[in-house]
Asker: 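Shown below is the structure under consideration.
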Amino acid sequence: MPELPEVETTLRGLADSLEGQLIERVTVRERRLRQPIAADFEKKLAGRRLTRLERRAKYLLGTLDSGAIWVCHLGMSGSFRLLAGGNGTAPGRHDHVVLDLGSGHRLLFNDPRRFGLMMLIDDAAGLERHPLFRHLGPEPLGNRFNGPALAARLKGRRGPVKSALLDQKVVAGIGNIYASEALYRAAISPRRRAATIAGQRAERLARAIRAVLAEAIEAGGSSIRDHARVDGTLGYFQHAFQVYDRAGRECGRAGCGGIIRRIVQSGRASFYCPGHQR
DNA sequence: ATTGGTTCCTGCTGGC
DNA sequence: TGCCAGCAGGAACCAA
């Protein structure tokens, strides 16, 4: 599932129920994620109060009253489920981490493919210089992201713009789906060399990125491969996809009439309309 | 420094 | 219906 809009949707679903809560009990049922969950994870997390939950790129960050940061990444198949009064509920298959809260809520982290990540970092300064965070690009929905900022990050890159958008050093939070969707809206071909995105074209792409991400968040994210929100309901932005997984269908842009194509770039599928994306 | 390819893992889909 | 190859939203790692 999870690109920026799905992580943001997860955050919004969890924040009110988690912030201020005591984490009474931590159960790790499977430590083998992208990095193994550290041996002292439970000890450092249990008994702490979570003061604030936020998102950076595709990461969820929880600040604890100890000053440590609880870091979560959903990888390809991770999701959280929040069960009200669920402290007695039995965890299911691929529920790798279980948090029981003072409120009686139970939080389950489920991740079939185990590409997700869960760890604790000692403090905010440690987070800033951590290898996972040090090189992250700007937040696309933040104030500092605009055409010139994007162009600066794409300058000197010889590869295609689509591949560049997936690089978290360029912009943080875009994944394979929203890269194709943003380029479609900006009428830019995914095959165009990244370095040629400047000026008006960069402005158009920056605006398209912001717009598609904001709309997806508004729709509760995209639910493909049955990915659900923290309350089990589905997002519905997948119905608004204009190119992703639509190869062979007609372009919906007025007067275009092009046929959506699927190509592979850096091993990932890209979708675009050759009729109007240049 | 940037890049494309490969890899981790499970589950679903489509073709036979 | 059953089987199995191929593919999937991420990103670290490697060699070039």
Side-chain angles (χ1 to χ4, degrees), chain A residues 1-10 29-37 55-60 71-80 92-96 109-119 130-137 140 152-183 190-197 209 212-213 216-217 219-229 234-241 243-248 262-271:
Chain A
M1 74 145 192
E3 301 183 32
L4 185 152
E6 290 73 37
V7 179
E8 180 68 24
T9 299
T10 299
R29 306 173 70 239
E30 173 59 81
R31 315 196 84 84
R32 295 174 300 166
L33 303 185
R34 192 167 93 213
Q35 298 174 17
I37 295 178
R55 179 190 59 73
R56 170 75 176 109
K58 298 173 192 169
Y59 293 89
L60 281 174
V71 177
C72 308
H73 193 289
L74 302 176
M76 288 264 257
S77 60
S79 62
F80 280 99
R93 189 162 160 76
H94 305 307
D95 284 336
H96 304 319
F109 175 69
N110 185 283
D111 185 9
R113 292 175 71 180
R114 292 195 274 117
F115 290 170
L117 180 71
M118 199 171 287
M119 63 190 297
H130 193 281
L132 292 173
F133 293 90
R134 197 171 33 192
H135 301 295
L136 283 179
R153 300 253 174 188
L154 294 175
K155 197 176 170 191
R157 296 191 65 125
R158 307 153 69 89
V161 58
K162 158 63 163 38
S163 302
L165 290 180
L166 295 183
D167 186 338
Q168 302 298 296
K169 295 194 288 297
V170 172
V171 196
I174 299 177
N176 203 43
I177 293 179
Y178 297 105
S180 281
E181 292 294 326
L183 288 166
R191 324 167 78 131
R192 172 178 277 278
R193 276 182 50 177
T196 70
I197 307 285
I209 289 168
V212 73
L213 295 177
I217 291 168
S222 302
S223 293
I224 70 176
R225 311 205 188 288
D226 75 9
H227 172 78
R229 295 188 261 184
L234 301 179
Y236 50 89
F237 193 73
Q238 66 278 12
H239 303 301
F241 291 165
V243 284
Y244 181 79
D245 211 14
R246 292 175 60 84
R262 178 191 193 271
I263 59 173
V264 175
Q265 298 179 289
S266 304
R268 314 294 306 279
S270 300
F271 298 88

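First the proteins, then the strands, lettered A, B, ... as listed; each starts at 1.
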Asker: When A:M119 is tested against each of A:I37, A:L33, A:L132 for side chain to side chain contact (heavy atoms under 4.5 Å, CB included), which residue passes?
Answerer: A:L132
Asker: Rounding to an integer number of Å, can you tell me how far A:Y244 OH sits from C:dC7 P?
Answerer: 13 Å
Asker: Within the 4.0 Å heavy-atom criterion, would you say A:L117 contacts the bases, only the backbone, or no part of the nucleic acid?
Answerer: nothing
Asker: State whether A:Q168 places a side-chain N or O below 4.0 Å from either non-bridging phosphate oxygen (OP1 or OP2) of C:dG10.
Answerer: no
Asker: Within less than 4.0 Å of OP1 or OP2 of C:dA11, is there a side-chain N or O belonging to A:K58?
Answerer: yes
Asker: Is the shortest side-chain N/O distance from A:R268 to OP1 or OP2 of C:dC7 below 4.0 Å?
Answerer: no
Asker: Report the distance from atom CG of A:L154 to atom P of B:dA1, rounded to the nearest whole Å.
Answerer: 18 Å
Asker: Rounded to the Å, how far apart are A:R157 CZ and B:dA1 C1'?
Answerer: 9 Å
Asker: Report the distance from atom CG of A:L60 to atom CG of A:L117, rounding to the nearest 0.5 Å.
Answerer: 11.5 Å
Asker: C:dG6 C1' sits how many Å from A:M76 CE, rounded?
Answerer: 13 Å
Asker: For A:Q238 and C:dA8, give me the distance from atom CD to atom P, rounded to whole Å.
Answerer: 18 Å
Asker: Do other residues, nucleotides or ligands put more than 12 heavy atoms under 6.0 Å from the CZ atom of A:R158?
Answerer: no
Asker: Could you check which nucleotide pairs with B:dC9 in any of the strands shown, counting Watson-Crick or G-U wobble with both distances under 3.5 Å?
Answerer: none
Asker: Separation of A:Q265 atom CD from C:dC7 atom C1', in whole Å?
Answerer: 17 Å
Asker: Taking all atoms of both residues into account, what is the closest heavy-atom pair of A:I217 and A:P5, and its distance?
Answerer: CG1-CA, 3.7 Å
Asker: Got a second to check how far A:K169's NZ is from A:H135's NE2, nearest 0.5 Å?
Answerer: 7.5 Å
Asker: Which sits closer to the 5' end of DNA chain B, A:G156 or A:G267, going by the nucleotide each is nearest to?
Answerer: A:G156
Asker: Donor-acceptor check, side chain of A:Q168 to backbone of A:I174, threshold 3.5 angstrom: yes or no?
Answerer: yes
Asker: Which atom pairs link the protein and nucleotides 7-10 of chain B when you take only N or O atoms and keep those under 3.5 Å?
Answerer:
from, atom 1, to, atom 2, distance (Å)
B:dC9, O3', A:R114, NH2, 3.0
B:dC9, O2, A:R113, NE, 2.9
B:dT10, OP1, A:R114, NH2, 3.3
B:dT10, O4', A:P112, O, 3.4
B:dT10, O3', A:H94, NE2, 3.1

Asker: For a side chain to side chain contact (heavy atoms under 4.5 Å, CB included) check, start with the C-alpha distance between A:D167 and A:R157, then their side-chain angles and the critical distance, and finish with the verdict.
Answerer: CA-CA 11 Å; A:D167 186 338; A:R157 296 191 65 125; 3.1 Å; yes
Asker: Whole Å only: how far is the CG atom of A:N176 from the P atom of C:dA11?
Answerer: 11 Å
Asker: Heavy-atom contacts under 4.0 Å between residues 158-167 of chain A and DNA chain C, which residues?
Answerer: none
Asker: Would you sort out whether A:F271 and A:F241 count as a ring pair (Phe, Tyr, Trp, His ring centres under 6.0 Å), showing the intermediate values?
Answerer: CA-CA 11 Å; A:F271 298 88; A:F241 291 165; 9.6 Å; no
Asker: Any chance you could measure A:Q238, atom CD, to A:Y236, atom OH, to the nearest 0.5 Å?
Answerer: 10.0 Å
Asker: Between P on B:dG11 and CG on A:D111, what's the gap in Å once rounded to a whole number?
Answerer: 11 Å
